[in-house]
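Below is one structure; the comments refer to it alone.
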Number of protein chains: 2
Amino acid sequence: MVSEEEKRQKIRLIEEKLKEKDCKLTPQRKATLDVLIENESKHLSTEDIYQLVKDKYPDIGLATIYRTLQLFDNFDIVKKLNFNDGCYRYELSEDHRHQHHHLICLTCGNVYEFDDDLLDQLEDRIESNNDFQVKDHMVKFFGYCKDCKEDDNEKEP
Amino acid sequence: MVSEEEKRQKIRLIEEKLKEKDCKLTPQRKATLDVLIENESKHLSTEDIYQLVKDKYPDIGLATIYRTLQLFDNFDIVKKLNFNDGCYRYELSEDHRHQHHHLICLTCGNVYEFDDDLLDQLEDRIESNNDFQVKDHMVKFFGYCKDCKEDDNEKEP
DNA sequence: AGTATATTGCAAATAATATTCATTGTCAAG
DNA sequence: CTTGACAATGAATATTATTTGCAATATACT
């Protein structure tokens, strides 16, 4: 969790970013942003976000949520995630150099996060080997989480 | 490209895999598989596949394509890819230990492939650090390809 | 051949997302 | 202030990819 001050700072930066391209941080967008900040690492779906924003701004329309998330995605304010569960999910973008990745359990569907900087080496290698300038990456691992591994063992003996 | 003999061998193995679970390699499924084999590394969408299979089997229905791809995905015969362009794309699964990954150009949208085994180290690290048993991974890199990098340079000077 | 079961094609249903359009809010210039 | 330009919004509607129900068909096994 982040402090109130960090949060305000974050919002200020985002507002600047938007203003540079003549976009406004309207109350609806602010409310959406607040929800995203208050639910870091929750991987909310569009519908989740809609429901949560409605608490703060009851008159908001679903279309606005879609448009806002699209805008935030274009501005790299959020990351659009796809866990193949039928909808997109969103999380706040982090600094490029400490991006986290996702571990998706094939049994229970839970999504865990982990950090690693090994990918940076890989990026460098791609830049030189493939003549491709890497700006970002997205990594997902599929497998079995602690709990589901254990459940599996229970069946065996 | 693979030889005809390798191709037949591949199909035979897949047929075995299906039979074990009482599924059949019907003519429709065979036609779909052929299309996938003949278009390796093309990242075909469902619609692409539908159009191509129709050449071989004109009466096939779109729903069958969807069901077949779902089946193939469950059997790990194909990989379901998502390049955030509004549809899923498919490619034949490869051996786990030499999986390739995708470089997606943010400008032209082209998808390039590259191979690397650095990910295996990362998997090992995850297994020990996170108590998560990794079965598969999916890695995408976003950036600018050779051509689009050059175009960019033309604007600068 | 006969039966059980998987599979198919079609049409209709769904679900997520996008778009149209009339209305509203914002803000700088007069 | 008021006006004008234009971005942003909500509601309803459209669109798109995908899924499902179902009756008809194909297939494998006896």
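Naming convention: chains lettered A, B, ... in sequence-line order (proteins, then strands); numbering from 1 in each chain. All of these numbers come straight from a predicted model, not from anything done at the bench.
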Roughly how many Å is it from [atom1] in [X] to [atom2] in [N], rounded to a whole number?
X: A/Tyr57; N: D/dT9; atom1: OH; atom2: C1'; value: 8 Å
X: B/Asp59; N: C/dT8; atom1: CG; atom2: C1'; value: 11 Å
X: A/Asn74; N: D/dA8; atom1: CG; atom2: P; value: 12 Å
X: B/Glu15; N: D/dT27; atom1: CD; atom2: P; value: 12 Å
X: A/Leu62; N: C/dT19; atom1: CG; atom2: C1'; value: 13 Å
X: A/Leu25; N: D/dA7; atom1: CG; atom2: P; value: 17 Å
X: B/Lys54; N: C/dC10; atom1: NZ; atom2: C1'; value: 13 Å
X: A/Arg67; N: C/dT19; atom1: CZ; atom2: C1'; value: 8 Å

[X] near the nucleic acid: base, sugar-phosphate alone, or nothing, with a heavy-atom cut-off under 4.0 Å?
X: A/Arg29; value: sugar-phosphate
X: B/Tyr50; value: nothing
X: B/Gln28; value: sugar-phosphate
X: A/Glu47; value: nothing

Please determine if a side-chain N or O atom of [X] lies less than 4.0 Å away from the OP1 or OP2 oxygen of [N].
X: B/Gln70; N: D/dT18; result: no
X: B/Thr64; N: C/dG9; result: yes
X: A/Tyr66; N: C/dA18; result: no
X: B/Thr46; N: D/dT18; result: yes
X: B/Thr26; N: D/dT27; result: no

Treating Ile, Leu, Val, Met, Phe, Trp and Tyr as nodes and any side-chain heavy-atom pair under 4.5 angstrom as an edge, say whether A/Leu81 and A/Tyr50 lie in one connected cluster.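 Cluster IDs for A/Leu81 and A/Tyr50 differ.
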May I ask whether A/Val35 and A/Tyr66 are part of the same hydrophobic cluster, defined by side-chain heavy atoms of I, L, V, M, F, W, Y residues being less than 4.5 angstrom apart, directly or through others?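 They do share one cluster, since a chain of ILVMFWY contacts under 4.5 Å joins A/Val35 to A/Tyr66.
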So which nucleotide from C/dT5, D/dG10, D/dA17 ends up closest to the side chain of B/Lys24?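 It is C/dT5.
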Ring-plane angle category for A/His137 and A/His101, please: parallel below 30°, perpendicular beyond 60°, tilted otherwise.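 It falls in the tilted class, 30° to 60°.
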5'-most by nearest nucleotide on DNA chain D - B/Tyr88 or B/Lys19: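 Taking each residue's closest nucleotide, the earlier one in sequence belongs to B/Tyr88.
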Run the salt-bridge test on A/Asp59 and A/Lys54 with the 4.0 Å N-O cut-off and return the result as yes or no.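 Judged by the 4.0 Å cut-off on N to carboxylate O distance, A/Asp59 and A/Lys54 do not form a salt bridge.
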Face-on cation placement of A/Lys80 at A/Tyr88 ring, 6.0 Å and 45° thresholds: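 Judged by the rule (NZ or CZ under 6.0 Å from the ring centre, within 45° of its axis), A/Lys80 counts as positioned above A/Tyr88.
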